[in-house]
> 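Just dropping this structure here.
Side chains are part of it too, since the values below use all heavy atoms of this structure and drop only hydrogens, waters and symmetry mates. Numbering of residues begins at 1 and proceeds along the displayed sequence.
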Amino acid sequence: MSDSGDSSEHLQPEAPLESIFTVRVILLQLKPKKSKRETVDHCCAKIREAVKKYGPGSETWTIRNRTIVCILPEYFNCQYDFSRLAANAEQIPDGNTSNQISNLAAELNINIIAGAMPEYGHSSHPPIFSTCAIYSTEGEIIGKYRKLHLFDVDVAGCYPYKESDIFTQGRDYITTHIDNMMIGVGIGYDIRFDELARVYRKEGCNFLVYPASFPTTHGPRDWDVLQRARAMDTQCYVATVAQARDDKHHFLSYGHSSLVDPFGKVVACAGVDEAIIASDLDTNLVERARLQIPISLHRRTDVYDTIIY
């Protein structure tokens with residue numbers, strides 16, 4: 001750099017501080033135990049293991065890392081058993097599961113997106129919702145989403161599901177800020193509805209999270225396609241977190257918890273067994289995807305009129 005004259009014109013503008021950092025996302029694909037208590041204890045133990053392996057002080061932790069988000073599976077605190085889901089319901093935040101997750105988030109100084117669990121809507125037991133709660137590093141609930149689309153399907157060769165026999169539909173979507181990520185949440189069947197994903201995109205989300213356990217009958221055909229479609233629809237990161245497969249249970253989870261980037265590339269994917277997957281999300285990649293192919297600017301809302309645009 002020359003010492004003569006004003007050289008400031010040659011300097012590059014400083015990058016925004018937030019763009020320097022990445023959010024470390026940890027997906028925990030877990031196998032439920034026989035009892036609810038054992039399942040929650042096992043879940044908490046695996047979160048501790050994940051933070052020890054991938055958190056501050058680990059070999060992979062760098063100066064660009066400052067936030068951890070652990071994401072749990074759909075029905076992380078109990079087996080996916082329709083005959084037992086209602087019996088496993090509890091209140092959020094006053095129930096035992098919620099208290100344990102809240103305390104753990106505060107103790108480990110991490111954010112936890114607590115998959116989905118059956119929740120009593122009132123102090124008296126009914127209605128019951130399938131609910132995802134999001135906990136801050138202080139252990140406070142910063143978002144609570146109740147599943148909008150209930151899976152009522154009876155297909156030949158497939159175990160019949162009618163979630164509306166147990167659950168009440170939620171009535172709203174949620175968005176939550178964690179560090180430089182704006183997060184939108186769906187549960188299970190919600191991933192099939194692009195309208196919800198596009199609402200989140202319009203609200204400014206750059207990360208969509210779907211705790212979702214697909215059965216082995218649907219998973220091989222639909223799982224990968226749906227995740228990549230939602231990522232490419234919205235140009236967001238998409239994470240899905242499923243239960244690990246239990247070959248002794250009548251519900252056989254497809255597993256394959258995954259992280260997909262805004263271009264639709266599968267960044268990481270588990271198999272069918274228990275797994276812990278960690279990846280750093282760079283919001284700059286979201287911006288690059290949206291600049292390269294500016295879908296939001298090219299929508300022909302003068303031709304097709306929807307409730308979203």
Side-chain angles (χ1 to χ4, degrees), residues 28-47 71-102 104 112-133 144-155 157-170 185-191 210-219 223 240-257 272-274:
L28 292 103
Q29 180 169 289
L30 305 176
K31 183 186 292 186
K33 303 298 182 181
K34 290 184 179 180
S35 73
K36 179 178 172 181
R37 180 175 180 177
E38 288 177 303
T39 301
V40 176
D41 287 346
H42 175 66
C43 176
C44 290
K46 297 301 284 188
I47 292 173
I71 309 177
L72 305 179
E74 182 179 19
Y75 304 121
F76 70 93
N77 70 334
C78 61
Q79 290 184 331
Y80 200 161
D81 185 341
F82 269 41
S83 67
R84 295 289 300 161
L85 286 176
N88 284 317
E90 60 182 71
Q91 289 184 286
I92 301 175
D94 298 326
N96 180 65
T97 299
S98 184
N99 284 329
Q100 283 189 253
I101 298 299
S102 171
L104 191 62
I112 299 177
I113 300 178
M117 58 176 281
E119 178 210 10
Y120 289 132
H122 306 296
S123 55
S124 56
H125 290 178
I128 297 174
F129 299 93
S130 178
T131 301
C132 175
K144 188 166 76 169
Y145 170 80
R146 290 169 169 171
K147 188 174 185 177
L148 289 177
H149 306 94
L150 299 182
F151 190 56
D152 286 1
V153 175
D154 188 356
V155 180
C158 175
Y159 184 83
Y161 300 90
K162 193 174 181 184
E163 288 188 328
S164 62
D165 283 346
I166 303 168
F167 297 115
T168 298
Q169 290 179 316
V185 177
I187 297 173
Y189 193 43
D190 287 329
I191 197 172
Y210 295 95
S213 292
F214 274 36
T216 53
T217 49
H218 302 156
W223 184 250
T240 54
V241 190
Q243 286 189 352
R245 187 175 305 171
D246 182 351
D247 291 322
K248 298 179 181 180
H249 195 261
H250 70 267
F251 175 81
L252 297 178
S253 173
Y254 180 60
H256 291 84
S257 301
V272 301
D273 298 321
E274 286 202 333

> On a heavy-atom basis, which atom in Cys132 and which in Ile187 lie closest, and how many Å separate them?
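Closest pair (atom of Cys132, atom of Ile187, distance): N-CD1, 3.8 Å.
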> Which pair of non-hydrogen atoms, one from Ile128 and one from Pro118, has the smallest distance, and what is that distance?
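Between these two residues, the closest heavy atoms are CG2-CB, 4.3 Å.
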> Going by the side-chain contact (heavy atoms from CB on, under 4.5 Å) test, name the single residue among Leu28, Ile112, Ile71, Ile101 that passes it with Phe76.
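Single pass found, and it is Ile101.
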> Side chains of Glu163 and Ser130: do they bring a donor and an acceptor to under 3.5 Å?
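No donor-acceptor contact under 3.5 Å links the two side chains.
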> Short question: side chain of Glu90, backbone of Thr97 - any donor-acceptor pair under 3.5 Å?
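Yes; at least one donor-acceptor contact below 3.5 Å.
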> Show your reasoning for whether side-chain contact (heavy atoms from CB on, under 4.5 Å) applies to Ile92 and Met117.
CA-CA 10 Å; Ile92 301 175; Met117 58 176 281; 3.9 Å; yes
> Evaluate the side-chain contact (heavy atoms from CB on, under 4.5 Å) criterion for residues Asp190 and Tyr145: first the C-alpha distance (whole Å), next the side-chain angles of each, then the deciding distance (0.1 Å), finally the verdict.
CA-CA 12 Å; Asp190 287 329; Tyr145 170 80; 2.6 Å; yes
> Does the Asp152 side chain pair with the main chain of Ser164, one donor and one acceptor, at a distance under 3.5 Å?
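Such a contact is found between Asp152 side chain and Ser164 backbone.
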> Identify the heavy atoms of Thr39 and Cys78 that sit nearest to each other, and give their distance.
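Looking at all heavy atoms of both residues, the closest pair is CG2-N, 3.8 Å.
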> Looking only at non-hydrogen atoms, find the nearest pair between Ala242 and Ala212 and report the distance.
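In terms of heavy atoms, the two residues are closest at CB-O, 3.2 Å.
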> Work out which heavy atom in Leu252 is nearest to a heavy atom in Asp246; give both atom names and the distance.
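Scanning both residues completely, I find the closest heavy atoms to be CD2-O, 3.4 Å.
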> How many angstroms lie between NZ in Lys144 and CD in Glu119, if you round to the nearest 0.5 Å?
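These two atoms lie 4.0 Å from each other.
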> Check each of Trp223, Phe251, Phe151 against Phe214 using the ring pair (Phe, Tyr, Trp, His ring centres under 6.0 Å) test, and report the only one that passes.
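Result for ring pair (Phe, Tyr, Trp, His ring centres under 6.0 Å) with Phe214: Trp223.
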> Can a donor-acceptor pair be found, under 3.5 Å and without considering hydrogens, that links the side chain of Arg245 to the backbone of Asp273?
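No; zero donor-acceptor contacts below 3.5 Å.
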> Once you measure the plane-to-plane angle for Phe167 and Tyr75, does it fall in the parallel (<30°), tilted (30-60°) or perpendicular (>60°) bin?
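Ring orientation, 0 to 90° scale: parallel.
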> Run the numbers on Asp81 and His250 for side-chain contact (heavy atoms from CB on, under 4.5 Å), then give the verdict.
CA-CA 8 Å; Asp81 185 341; His250 70 267; 3.8 Å; yes
> Backbone N or O of Tyr120 within a donor-acceptor pair of the Gln91 side chain at under 3.5 Å?
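Answer holds: no.
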> Quick one: do His249 and Gln243 satisfy side chain to side chain donor-acceptor pair (under 3.5 Å)? Show the steps, please.
CA-CA 12 Å; His249 195 261; Gln243 286 189 352; over 6 Å; no
> Looking at His256, is its backbone amide N or carbonyl O close enough to the side chain of Gln29 to form a donor-acceptor pair, meaning the two atoms are under 3.5 Å apart?
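Yes.
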> Passes side-chain contact (heavy atoms from CB on, under 4.5 Å), Gln100 versus Asn96? Steps please.
CA-CA 6 Å; Gln100 283 189 253; Asn96 180 65; 3.0 Å; yes
> How about Pro211 and Leu72: do any of their side-chain heavy atoms sit closer than 4.5 Å?
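Sidechains of Leu72 and Pro211: no contact.
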> When you measure from the side chain of Gln79 to the backbone N and O of Pro32, does any donor-acceptor pair fall under 3.5 Å?
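Absent.
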> Minimum heavy-atom separation for Pro93 and Asn99, please, with both atom names.
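In terms of heavy atoms, the two residues are closest at O-OD1, 3.3 Å.
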